[in-house]
Amino acid sequence: MKAWKDTCSEAASSATLVIPKGKQFLVHPLIFTGPCKSGAINVMLSGTILAPNGPDQWNASDLSTWLAFEGVTGLSISGFGTIDGRGKGWWDRSCRYHPGQGCFTLAPTALRFQNCNNLKMLNTNFHNSPQTHVLLLGCQNVELGFLNIQSPGTSPNTDGIHIQFGRNVSIHNSQIADGDDCISIGDKTYDVKINDIKCGPGHGVSIGSLGRDGEVVQVNNIKVKRVSFHGTTNGVRIKTWQTGRGLVQNVTFTNINFTAVESPIIIDQYYCDKPDSCKPTDTGVHINDVRYSKLIGTSQTEVAINLNCSNNVPCSGITLDNVRLVSATHQFNQLVSSCNHVSGLNRGIIEPKSCLKI
């Protein structure tokens with residue numbers, strides 16, 4: 001913390017904090033706060049930062065955060081180092097998989113950025129976060145690239161990257177393996193570009209879930225291209241709660257490849273965290289202007305295209321443009337599409353046969 005305070009108070013045009021190569025640092029929960037005097041704050045992460053080894057070694061009352069930057073403008077992190085969350089102790093006591101006395105519904109996020117604008121993080125490795133690996137809250141003008149995020153497919157709630165209340169975010173050239181969404185996009189998020197990502201295992205790239213508490217959601221201008229999914233439970237997904245309101249629009253998924261993915265293309269407007277526990281409502285989020293172009297690969301399930309939209313606020317302007325999906329197994333002779341309350345356009349070859357109402 002003294003090194004951070006010295007860096008943040010440096011009045012030069014740029015200031016650099018170095019985590020040296022070849023060294024490991026056991027670090028308890030820390031929040032690095034701004035604003036800083038310099039407009040260019042560099043963190044050279046060349047060594048390894050280790051989290052406390054499980055909940056029994058956690059010495060803070062806040063279980064949500066391990067490392068965080070708050071209110072820092074012009075922050076740049078690079079250096080090929082590693083942030084190791086040592087999450088197994090948390091996963092072994094997760095209420096999701098191990099309900100009962102002493103279990104945890106909340107576990108630390110490895111690295112949170114809050115209200116950090118003009119942020120760049122390149123060439124960073126993340127291992128085994130207790131929960132979400134990288135969390136962006138209220139950040140604008142962000143570039144995340146050449147990241148390597150690795151945790152087991154069985155690790156609960158370990159999203160690779162989650163964005164909330166963000167604008168102008170670019171995520172590129174990264175490999176993500178985890179137990180939840182590789183990349184998830186939350187409410188009040190605009191102008192996101194995701195490209196050249198390898199995802200798997202995990203739950204795919206998701207917009208949502210949105211509208212859980214009945215809020216008016218807004219997500220606009222999301223571009224996802226050149227993403228490969230391998231063995232994921234979903235591919236490209238939009239998920240909303242029935243209780244939500246608002247709009248998701250101007251979304252494109254282009255040049256996507258699926259290998260043995262359970263649900264390659266899915267819109268789920270009846271998302272619920274517990275089966276049969278969500279009552280019908282008269283509300284819904286409007287999903288409009290979503291384009292699926294040049295998507296190919298293999299599906300593990302029979303329903304390869306599943307567009308299950310709100311009966312109160314149907315999806316509109318959905319385009320399927322040259323989609324070719326075949327079965328990953330010999331269990332299904334032919335894949336199918338399923339559509340509910342959705343209209344749009346078909347272009348080129350669509351396999352399995354489209355169910356869109358024109």
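The first residue in the sequence is number 1, and the count goes up from there. Values below: every heavy atom of this structure, side chains too, minus hydrogens, waters and symmetry copies.
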Is there a side-chain contact between Phe229 and Val236, using heavy atoms and a 4.5 Å cut-off?
->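 Yes; the side chains approach each other to less than 4.5 Å.
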Show every disulfide (SG to SG under 2.5 Å) that has at least one partner inside [range], sequence neighbours left out.
range: residues 204-236; result: none
range: residues 109-192; result: Cys182-Cys199
range: residues 313-342; result: Cys309-Cys315, Cys339-Cys355
range: residues 18-95; result: Cys8-Cys36, Cys95-Cys103

Do [X] and [Y] have a side chain donor and acceptor closer than 3.5 Å?
X: Asn288; Y: Ser316; value: yes
X: Gln218; Y: Asn220; value: no
X: Asn117; Y: Asn141; value: no
X: Thr319; Y: Arg291; value: no
X: Thr240; Y: Gln269; value: yes

List, by chain and number, the other hydrophobic cluster members for Val18, where Ile, Leu, Val, Met, Phe, Trp and Tyr join if side-chain heavy atoms come within less than 4.5 Å, directly or indirectly.
->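 Its cluster mates, by chain and number, are Met44.
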Linking Ile, Leu, Val, Met, Phe, Trp and Tyr by side-chain heavy atoms under 4.5 Å, what else ends up with Val336?
->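 Its cluster partners, ordered by chain and number, are Val303.
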Taking only residues two or more places apart in sequence, or in another chain, which ones meet [X] in a ring-ring contact (aromatic ring centres under 6.0 Å, His included)?
X: Phe104; result: Trp90
X: Phe126; result: none
X: Trp241; result: Tyr271

Partners passing salt bridge (charged side-chain N to carboxylate O under 4.0 Å, His left out) against Arg245 (at least two apart in sequence or in another chain) | none
For Arg324, enumerate each residue passing the salt bridge (charged side-chain N to carboxylate O under 4.0 Å, His left out) test, keeping only those at least two apart in sequence or located in another chain.
->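 Testing Arg324 for salt bridge (charged side-chain N to carboxylate O under 4.0 Å, His left out), a comparison that skips the adjacent residues, returns none.
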Write out all pairs satisfying ring pair (Phe, Tyr, Trp, His ring centres under 6.0 Å) with one or both partners inside residues 299-339, taking only residues at least two apart or from two chains.
-> none
